[in-house]
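Below: one structure, written as structure tokens.
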Amino acid sequence: MAATALALSSGHQMPAVGLGVWRMESPAIRGLIHSALRAGYRHFDCAADYQNEAEVGDALAEAFETGLAKREDLFITTKLWNSDHGHVLEACKDSLKKLQLDYLDLYLIHFPVATKHTGVGTTASALGDDGVLDIDTTISLETTWHAMEDLVSKGLVRSIGISNYDIFLTRDILAYAKIKPAVNQIETHPYFQRESLVKFCQKHGICVTAHTPLGGSTANTEWFGSVSCLDDPVIKSLAEKYGKTPAQFVLRWGLQRNTVVIPKTSKVERLEENFAVFDFDISGEDMEKMKALDRNYRTNQPAKFWGIDLYA
């Protein structure tokens, strides 16, 4: 059986299924978060760049006030945006203020790149005259990481981590970190399995969180024109074998890889469906079948907005 929570190197526990709030419309956030809490979710994945931390904060404050949840039972993640690499403390405090929290359970470097500062918490992606992302080459990732470490000693953050880091950058941070990253949040799903990166992180005590664990589905198809793995005939057939939906099967597959999964949805019925993944096991044989589906297919492509492929 896959665990309902994974132990982090920081000594804290991270719930294995969380709700991602990327592209969640502001008016719907209160209802979705409260419905998620009632469905059993205790892990919420936010980011300054999602521009909805304040609405999430209002929803959480109401949940605490009404007794729907206790702060100590929740795991709240948010992320440092690219334009705030030189202003880590201020950016963290800005997120805490918007979320109405005294501390974060996890704070991640959203992307391994510093860009032109546009004001704390504004999260603009400034482009140069050439239409390409205005990258700041004066701030090293090592400098940013040491500022992240300071947040832990100040008691503002319990665990710190990275996001969208490859093997090279993950290896590098292990060499200079005083506090090693507890988490690397990456895109991974059946069409983009990234077994080498997942195994490297796990070997070195870094928990992998799968963003886009369902392959982006509707959201990424709309923005990036990508293909969802949920329509794959092999996945549909296997899901049917276990009496589950394709989404439930794919999330369970992610859990059995010992990754944390943070599916996003704006539908209450899907919230419950995505959380009902702890009552079955995928056989070793069927886990092997899933390996053949890998296409090395990334669905989340910020190059569309940045004029540069940072994964090149």
Side-chain angles (χ1 to χ4, degrees), residues 6 8-10 12 14 18 20 22 45-50 77-86 88 91-92 95 104-115 123 125 133 135-137 139-152 157-189 192-213 216 254 257-262 294 296-303 305-306 308-312:
L6 276 73
L8 302 180
S9 60
S10 58
H12 298 283
M14 186 177 190
W22 180 56
D45 184 81
C46 314
D49 185 54
Y50 302 164
T77 301
T78 196
K79 307 178 192 79
L80 174 78
W81 188 238
N82 307 335
S83 54
D84 283 335
H85 277 225
V88 173
C92 180
S95 286
L104 295 169
D105 295 280
L106 179 63
Y107 197 41
L108 303 176
I109 296 176
H110 203 146
F111 281 95
V113 64
T115 60
T123 73
S125 291
L133 188 67
I135 293 173
D136 186 340
T137 58
I139 303 169
S140 71
L141 292 174
E142 181 174 356
T143 299
T144 302
W145 185 253
H146 291 321
M148 296 282 284
E149 291 173 327
D150 288 342
L151 301 176
V152 179
V157 177
R158 290 190 167 177
S159 302
I160 49 177
I162 52 183
S163 183
N164 300 303
Y165 274 52
D166 62 13
I167 289 178
F168 294 124
L169 291 173
T170 305
R171 187 225 65 88
D172 203 43
I173 198 170
L174 288 169
Y176 60 69
K178 295 183 192 121
I179 301 173
K180 84 174 168 184
V183 169
N184 187 8
Q185 184 178 128
I186 59 169
E187 177 179 347
T188 179
H189 46 78
F192 196 37
Q193 297 188 21
R194 310 181 83 180
E195 193 71 8
S196 293
L197 176 56
V198 170
K199 287 283 172 58
F200 179 83
C201 289
Q202 292 172 341
K203 178 179 179 179
H204 292 281
I206 301 171
C207 176
V208 173
T209 296
H211 76 65
T212 327
R257 298 176 82 205
N258 294 315
T259 63
V260 169
V261 293
I262 47 169
D294 194 8
N296 197 29
Y297 181 68
R298 185 189 300 277
T299 69
N300 194 298
Q301 294 285 6
F305 309 106
W306 295 346
I308 184 173
D309 180 6
L310 292 181
Y311 300 116

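Owing to the predicted nature of the structure, the values given are computational and were not obtained by experimental measurement.
- For the pair Val183 and Val260, the minimum side-chain heavy-atom distance is 4.5 Å or more.
- Expressed to the nearest 0.5 Å, how far OG1 of Thr144 lies from CD1 of Ile109 amounts to 5.5 Å.
- Here the side chain of Thr259 pairs no donor or acceptor atom with the backbone of Val208 at under 3.5 angstrom.
- Residue His189 comes nearest to Tyr297 through the heavy atom pair CE1-O, 3.4 Å, listed as atom of the first residue, atom of the second, then distance.
- Summarising the geometry, atom CD1 belonging to Ile173 is positioned 13.5 Å from atom NE2 belonging to His204; distances are rounded to the nearest 0.5 Å.
- Between the side chain of Asp45 and the backbone N or O of Gly18, no donor-acceptor pair lies under 3.5 Å.
- Paired with Thr188 under the rule side-chain hydrogen bond (donor to acceptor under 3.5 Å, both in side chains), one option of His211, Arg257, Gln193 passes, and it is Arg257.
- Of all heavy-atom pairs between Leu174 and Ile206, the closest is CD2-CD1, 4.0 Å.
- Lys79 and Tyr107 make their closest contact through C-CE1, 3.6 Å (heavy atoms, listed as atom of the first residue, atom of the second, distance).
- At a threshold of 4.5 Å between non-hydrogen side-chain atoms, the residues Leu104 and Cys92 count as touching.
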(message) Would Leu310 and Ile135 count as a side-chain contact (heavy atoms from CB on, under 4.5 Å) here? Give the steps.
(response) CA-CA 11 Å; Leu310 292 181; Ile135 293 173; 4.0 Å; yes
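- Across all non-hydrogen atoms, the minimal contact from Trp145 to Ile179 is NE1-O, 3.0 Å.
- Atom CG of Asn164 and atom CZ of Arg298 lie 7.5 Å apart (nearest 0.5 Å).
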(request) Could you go through the side-chain contact (heavy atoms from CB on, under 4.5 Å) check for Thr209 and Leu108 one step at a time? (result) CA-CA 11 Å; Thr209 296; Leu108 303 176; over 6 Å; no
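- The minimum heavy-atom distance linking Ser10 with Ala182 is given by the pair OG-CB, 4.4 Å.
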(request) Decide side-chain contact (heavy atoms from CB on, under 4.5 Å) for Ile262 and Gln185; before the verdict, give the C-alpha distance in whole Å, the side-chain angles of both, and the deciding distance to 0.1 Å. (result) CA-CA 10 Å; Ile262 47 169; Gln185 184 178 128; 3.6 Å; yes
(message) Go through it in stages, so that I can follow the logic: the residues are His12 and Asp105, the test is side-chain contact (heavy atoms from CB on, under 4.5 Å), and I'd like the CA-CA distance, side-chain angles, deciding distance and then a yes or no.
(response) CA-CA 8 Å; His12 298 283; Asp105 295 280; over 6 Å; no
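- Two residues are said to be in side-chain contact when any heavy atoms from C-beta on lie closer than 4.5 Å; Thr212 and Phe192 fail this criterion.
- Put simply, SG on Cys207 and CG on Leu6 are 4.5 Å apart, with the number rounded to the nearest 0.5 Å.
- Side-chain N or O atoms of Glu149 include one that pairs as donor or acceptor with a backbone N or O of Lys178 at under 3.5 Å.
- Atom CG in Leu80 sits 5.0 Å away from atom NE2 in His85 (nearest 0.5 Å).
- Salt-bridge formation is not detected for the pair Arg194/Glu187: no Lys NZ or Arg NE/NH1/NH2 atom is positioned less than 4.0 Å from an Asp or Glu carboxylate oxygen.
- Put simply, OG on Ser83 and CG on Asp49 are 8.5 Å apart, with the number rounded to the nearest 0.5 Å.
- Ring-plane geometry between Phe111 and Trp306 is classed as perpendicular, the angle between the planes exceeding 60 degrees on a 0 to 90 degree scale with a lower cut at 30.
- Closest non-hydrogen pair, Tyr311 versus Pro302, comes out as CE1-CD, 4.1 Å.
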